[in-house]
2 protein chains.
Amino acid sequence: MMQRLSPEQITALLTAHTVRPTRQRLALAMHLFSGPHRHVTAETLHREVQAEGHTVSLATVYNTLNHFHTLGLLGEVSLTPGSTWFDTNTKHHFHAFHEETGELWDIDPAEVGPVAVAGLPEGMELARMDVVIRVRSKG
Amino acid sequence: MMQRLSPEQITALLTAHTVRPTRQRLALAMHLFSGPHRHVTAETLHREVQAEGHTVSLATVYNTLNHFHTLGLLGEVSLTPGSTWFDTNTKHHFHAFHEETGELWDIDPAEVGPVAVAGLPEGMELARMDVVIRVRSKG
DNA sequence: GTCATTGCAAATACTTTGCAAATCA
DNA sequence: TGATTTGCAAAGTATTTGCAATGAC
């Protein structure tokens with residue numbers, strides 16, 4: 001799924017959510033939404049836009065990622081304590097994480113087989129289910 | 001599963017892993033291994049032993065939890081970025097997390113139904129699968 | 001021009017580490 | 001006694017926040 005959103009669509013997406021399409025937000029949104037789905041941390045995204053010559057402070061990257069997450073444009077992945085990953089794929093899916101290389105990719109729930117949760121306490125409902133499959137190279 | 005290990009068994013457990021059963025480690029291990037299964041952070045465990053009158057520094061709690069984890073006596077739960085939870089249940093199981101109350105408890109894999117992972121890339125094998133079921137009170 | 005947004009630096013939260021003093025075998 | 005362990009304080013890493021300057025409409 002290359003080129004999900006064009007620059008115009010990205011601007012439209014931001015204004016639709018009543019966030020001003022500023023230079024910084026556009027630069028970040030382009031990285032997030034114009035190519036294939038991404039997994040980023042504030043740190044990795046900051047490095048990327050810097051490398052492209054854009055000037056965006058790290059604080060703004062943090063704020064923007066949180067902002068986009070609040071708007072539902074990004075998902076959050078609980079992977080390792082210590083850093084927060086954001087995921088441009090907000091559909092229901094699972095993750096595979098290679099602990100040796102740090103690689104992270106999506107797993108289609110269909111590949112994990114049918115999953116149902118029984119035995120939840122009375123009065124509670126499932127809000128969301130996070131599955132992280134940790135893999136290693138076959139030794 | 002109350003009273004899993006007696007004080008003597010805990011001392012034996014530590015010496016078996018060639019860690020000296022010092023006053024601090026015994027106090028921490030008692031909290032972790034003498035009652036039912038626990039989920040703790042360095043912070044919560046530190047508060048507990050302090051409340052009991054033991055003097056253990058927070059740094060030692062961190063070091064000891066990491067040490068026990070390395071020895072395989074504790075599992076680690078990836079829940080929320082920002083704090084690390086340790087789990088005295090090291091058997092294969094899943095977690096349910098109540099995002100509103102912060103409650104965390106174990107889920108028997110049997111209650112989640114059969115799970116199998118297909119479609120892993122060539123040359124990789126499953127190392128471990130973490131499932132976090134997030135629940136909320138029925139609205 | 002007005003109000004949102006940005007960037008910096010400071011603050012906060014969590015965790016690790018260096019090292020001297022204390023402790024255990 | 002000799003090696004390990006502890007506690008403190010300092011450093012490190014990840015993230016948030018206050019506020020003056022900037023930028024968008």
Side-chain angles (χ1 to χ4, degrees), chain A residues 7-8 10-31 39-50 53-71 73-74 76-86 102 104, chain B residues 7 10-31 39-50 52-71 73-74 76-86 102 104:
Chain A
E8 295 73 32
I10 286 175
T11 308
L13 181 71
L14 295 185
T15 42
H17 285 88
T18 41
V19 292
R20 285 190 186 167
T22 63
R23 182 173 56 73
Q24 290 85 341
R25 296 212 265 235
L26 281 172
L28 295 172
M30 282 297 290
H31 274 263
H39 299 103
V40 302
T41 66
E43 202 57 65
T44 66
L45 184 57
H46 186 233
R47 253 200 300 279
E48 279 180 29
V49 292
Q50 294 256 300
H54 289 105
T55 312
V56 183
S57 78
L58 184 56
T60 297
V61 176
Y62 273 105
N63 292 336
T64 303
L65 284 174
N66 285 331
H67 197 169
F68 286 0
H69 176 230
T70 302
L71 298 174
L73 299 175
L74 292 175
E76 202 186 344
V77 188
S78 290
L79 244 200
T80 45
S83 57
T84 306
W85 289 83
F86 290 95
L104 176 65
Chain B
I10 287 176
T11 307
L13 181 72
L14 296 186
T15 42
H17 284 90
T18 42
V19 291
R20 285 190 187 168
T22 63
R23 183 173 56 73
Q24 290 85 342
R25 295 211 266 235
L26 281 172
L28 296 171
M30 281 298 291
H31 274 264
H39 298 104
V40 302
T41 66
E43 202 58 64
T44 65
L45 184 58
H46 186 232
R47 254 199 299 280
E48 279 180 30
V49 292
Q50 294 256 300
E52 240 187 19
H54 288 107
T55 312
V56 182
S57 77
L58 184 55
T60 297
V61 176
Y62 272 106
N63 292 336
T64 303
L65 285 174
N66 285 331
H67 196 169
F68 286 179
H69 176 230
T70 302
L71 298 174
L73 300 175
L74 293 174
E76 202 187 345
V77 188
S78 290
L79 244 199
T80 45
S83 57
T84 306
W85 289 83
F86 290 95
L104 175 65

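Below, read A as the first sequence line, B as the second, and so on, with proteins coming before strands; counting in each chain starts at 1. Keep in mind it's a predicted model, so treat the numbers as computed, not measured. All heavy atoms count here, side chains included; hydrogens, waters and symmetry mates do not.
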Identify each donor-acceptor pair in which a side-chain atom of residues 11-19 of chain A lies under 3.5 Å from a protein atom, sequence neighbours left out, and give them as a table.
residue	atom	partner	partner atom	Å
Thr11(A)	OG1	Pro7(A)	O	3.0
Thr15(A)	OG1	Thr11(A)	O	2.9
Thr15(A)	OG1	Ala12(A)	O	3.1
His17(A)	ND1	Leu13(A)	O	3.0

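- The side-chain contact (heavy atoms from CB on, under 4.5 Å) test applied to Ala27(A) returns His54(A), not counting sequence neighbours.
- In terms of the side-chain contact (heavy atoms from CB on, under 4.5 Å) criterion, residue partners of Ser78(B) (sequence neighbours excluded) are, by chain and number, Pro81(A), Arg134(A).
- Not counting sequence neighbours, the partners of Thr44(B) by the side-chain contact (heavy atoms from CB on, under 4.5 Å) test are Val40(B), Thr41(B), Arg47(B).
- Contacts of His39(B) classified as side-chain contact (heavy atoms from CB on, under 4.5 Å), with partners at least two apart in sequence or in another chain: Trp85(B), Asp87(B), His95(B), Leu104(B), Asp106(B).
- Atom CZ of Arg25(B) is separated from atom C1' of dT4(D) by 8 Å (rounded to the nearest Å).
- For Leu26(A) and dT6(C), the CG to P distance is 10 Å, given to the nearest whole Å.
- For dG7(C), the OP1/OP2 oxygens have a side-chain nitrogen or oxygen of Thr60(A) closer than 4.0 Å.
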Can you give one letter per nucleotide of nucleotides 12-25 of chain D, going 5' to 3': B for a protein heavy atom under 4.0 Å from the base, S for sugar-phosphate only, - for none? --SBBB-----BBS
